[in-house]
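Proteins come first, then strands; the chains are lettered A, B, ... in the order of their sequence lines, and each starts at number 1.
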Protein chains: 2
Amino acid sequence: MTHESAPPNELTFWSFVDFAVRKAQQELPAVDTDAMRMALTLSRASSMVIYDLESTVHRPRGLTWPGFRVIFALWLAGPMEAKTTAEISGTSRAALSALLNTLERDGLVVRERASHDRRALQLSLTEEGYGAILGGFRAHNRRESAWAEALEPDERTELVRLLNKLMAGSTDAKAKFRS
Amino acid sequence: MTHESAPPNELTFWSFVDFAVRKAQQELPAVDTDAMRMALTLSRASSMVIYDLESTVHRPRGLTWPGFRVIFALWLAGPMEAKTTAEISGTSRAALSALLNTLERDGLVVRERASHDRRALQLSLTEEGYGAILGGFRAHNRRESAWAEALEPDERTELVRLLNKLMAGSTDAKAKFRS
DNA sequence: CCCAAATGATCAAACGTTTGATGAAGATGA
DNA sequence: TCATCTTCATCAAACGTTTGATCATTTGGG
């Protein structure tokens with residue numbers, strides 16, 4: 001440790017970002033503080049929004065966040081191979097296997113063998129699954145709206161543009177993806 | 001279902017955002033598409049960055065992402081009560097209890113009873129924990145830099161500003177927080 | 001045609017997370 | 001002082017995730 005810049009008395013999830021960036025700079029002068037602040041802010045913002053959506057909308061309706069993502073993908077993209085569901089819902093294939101046990105047990109999703117390739121799995125929503133996502137998504141989207149109101153319309157557009165640009169750079173950054 | 005706008009052949013984690021927004025609009029005309037796109041983009045961007053950092057930096061060094069968050073908080077804010085660690089690392093108090101079992105077993109963190117309140121727990125890093133975060137964070141920050149390079153400096157600033165503004169609105173949105 | 005390599009799915013073990021319950025210690029007030 | 005309420009931590013059960021292994025099917029080369 002170098003100089004002690006004592007933590008403020010009131011350190012919160014959100015105010016910790018500023019404190020951490022300042023303190024890290026003291027400890028390791030070579031740190032890229034802009035990149036640090038960006039990543040820290042991004043992950044915390046996302047975590048707050050997701051926690052809010054999951055705990056106020058989906059858990060009370062009997063769905064976890066990962067469960068919602070899968071049902072959501074099946075709702076919009078229609079019946080498809082499990083491999084595709086994993087890809088577009090952002091779940092590894094192994095995690096999806098486990099997740100499907102729950103969703104199938106709860107009667108929301110059906111697993112079937114694909115006709116053209118007996119290794120592959122075909123997934124589709126049941127009537128109940130369709131009903132669940134329809135109601136769940138309406139509430140989900142109302143909550144998204146409440147969050148979005150904090151920004152002006154053009155700010156929302158700009159935020160999306162910047163995040164897209166950041167993701168587009170992931171190839172250059174040689175980022176590792178889920179498999 | 002209404003009109004079938006067939007999913008593109010190549011639906012990926014990232015391209016799914018555009019598709020989903022279009023399709024949801026068809027299915028539910030009342031949907032707030034801007035809010036939907038914003039939340040979808042935010043959660044996916046964050047998930048990509050975190051997965052990359054966890055799988056390329058921390059797991060190979062024997063730390064999970066939640067484990068890293070806790071060690072990171074203890075490194076910068078110094079020894080503190082477990083309650084505070086939970087708050088600033090974004091972990092529920094119950095989850096931290098379980099997490100500490102691993103971190104303590106691995107010799108990274110020490111649990112002690114607080115002197116002024118015998119209910120409370122005082123946490124601190126061991127020498128080994130300090131070494132782990134020092135090396136781990138350097139690699140972590142290099143990776144953050146690689147991601148950040150996708151944006152111009154002023155774009156990074158603007159992204160952080162927008163995310164901060166979004167979070168500031170969480171009170172108005174009456175968002176639910178971790179406890 | 002046959003065998004090796006690649007692909008799709010699942011499994012097993014270890015972990016972290018959530019909700020709700022329980023137990024222990026501190027604060028409050030009659 | 002005593003009873004009650006609140007706060008801090010942990011536990012238990014159910015879940016989802018990761019990595020690495022296994023098994024079945026399909027593909028491709030010889």
Side-chain angles (χ1 to χ4, degrees), chain A residues 47-48 50-71 73 80-87 89-106 108-109 111-123 176-179, chain B residues 47-48 50-71 73 80-87 89-106 108-109 111-123 176-179:
Chain A
S47 141
M48 281 186 75
I50 291 176
Y51 183 79
D52 177 58
L53 288 169
E54 175 168 23
S55 63
T56 68
V57 175
H58 300 296
R59 293 249 177 199
R61 290 165 177 265
L63 265 187
T64 60
W65 177 252
F68 165 72
R69 292 197 327 254
V70 166
I71 305 284
M80 63 187 136
E81 286 190 19
K83 195 192 173 186
T84 312
T85 311
E87 160 72 22
S89 70
T91 313
S92 75
R93 192 57 193 78
L96 181 59
S97 256
L99 191 40
L100 285 174
N101 293 333
T102 307
L103 296 175
E104 198 174 30
R105 185 205 59 196
D106 293 347
L108 303 175
V109 167
R111 260 198 262 231
E112 287 168 314
R113 221 79 232 170
S115 46
H116 61 293
D117 185 337
R118 283 183 306 170
R119 288 170 306 181
L121 221 55
Q122 184 77 7
L123 302 182
K176 182 166 177 186
F177 301 107
R178 260 186 192 83
S179 52
Chain B
S47 140
M48 281 185 75
I50 291 175
Y51 183 79
D52 177 59
L53 288 169
E54 176 169 22
S55 64
T56 69
V57 176
H58 301 294
R59 291 249 178 199
R61 291 166 177 264
L63 266 187
T64 60
W65 177 251
F68 165 73
R69 293 199 324 256
V70 166
I71 304 285
M80 62 187 136
E81 285 189 19
K83 194 192 175 185
T84 312
T85 312
E87 160 72 21
S89 70
T91 313
S92 76
R93 193 55 194 81
L96 181 59
S97 255
L99 190 41
L100 284 174
N101 292 333
T102 307
L103 296 176
E104 199 174 29
R105 184 204 60 196
D106 292 347
L108 303 175
V109 167
R111 260 197 263 230
E112 288 167 313
R113 222 79 234 171
S115 46
H116 60 293
D117 184 337
R118 283 183 305 171
R119 287 170 306 180
L121 220 56
Q122 184 78 7
L123 302 182
K176 182 167 176 186
F177 302 107
R178 260 187 193 81
S179 52

Quick check: does any side chain N or O of [X] sit under 3.5 Å from a backbone N or O of [Y], one acting as donor and the other as acceptor?
X        : Y        : result
A:Thr56  : A:Asp52  : yes
A:Asp117 : A:Arg119 : yes
B:Arg111 : B:Glu104 : no
A:Thr91  : A:Glu87  : no
B:Arg69  : B:Ser89  : yes
B:Arg93  : B:Ser179 : no

Spacing between [X] atom [atom1] and [N] atom [atom2], to the nearest angstrom:
X        : N      : atom1 : atom2 : result
B:Gln122 : D:dC8  : CD    : C1'   : 14 Å
B:Arg113 : D:dC8  : CZ    : P     : 13 Å
A:His116 : D:dT27 : NE2   : C1'   : 14 Å
B:Lys83  : D:dT10 : NZ    : P     : 14 Å
B:Asp117 : D:dT7  : CG    : P     : 12 Å
B:Glu81  : C:dG26 : CD    : P     : 12 Å
A:Arg111 : C:dG8  : CZ    : P     : 17 Å

Is [X] near enough to [N] that one of its side-chain N or O atoms lies under 4.0 angstrom from OP1 or OP2?
X        : N      : value
A:Arg119 : C:dT7  : no
A:Arg118 : D:dA24 : no
A:Arg93  : C:dT10 : yes

Would you give a per-nucleotide map of nucleotides 11-18 of chain D, 5' to 3', where B means the base has a protein non-hydrogen atom under 4.0 Å away, S means only the sugar-phosphate does, and - means neither?
B---SSBB
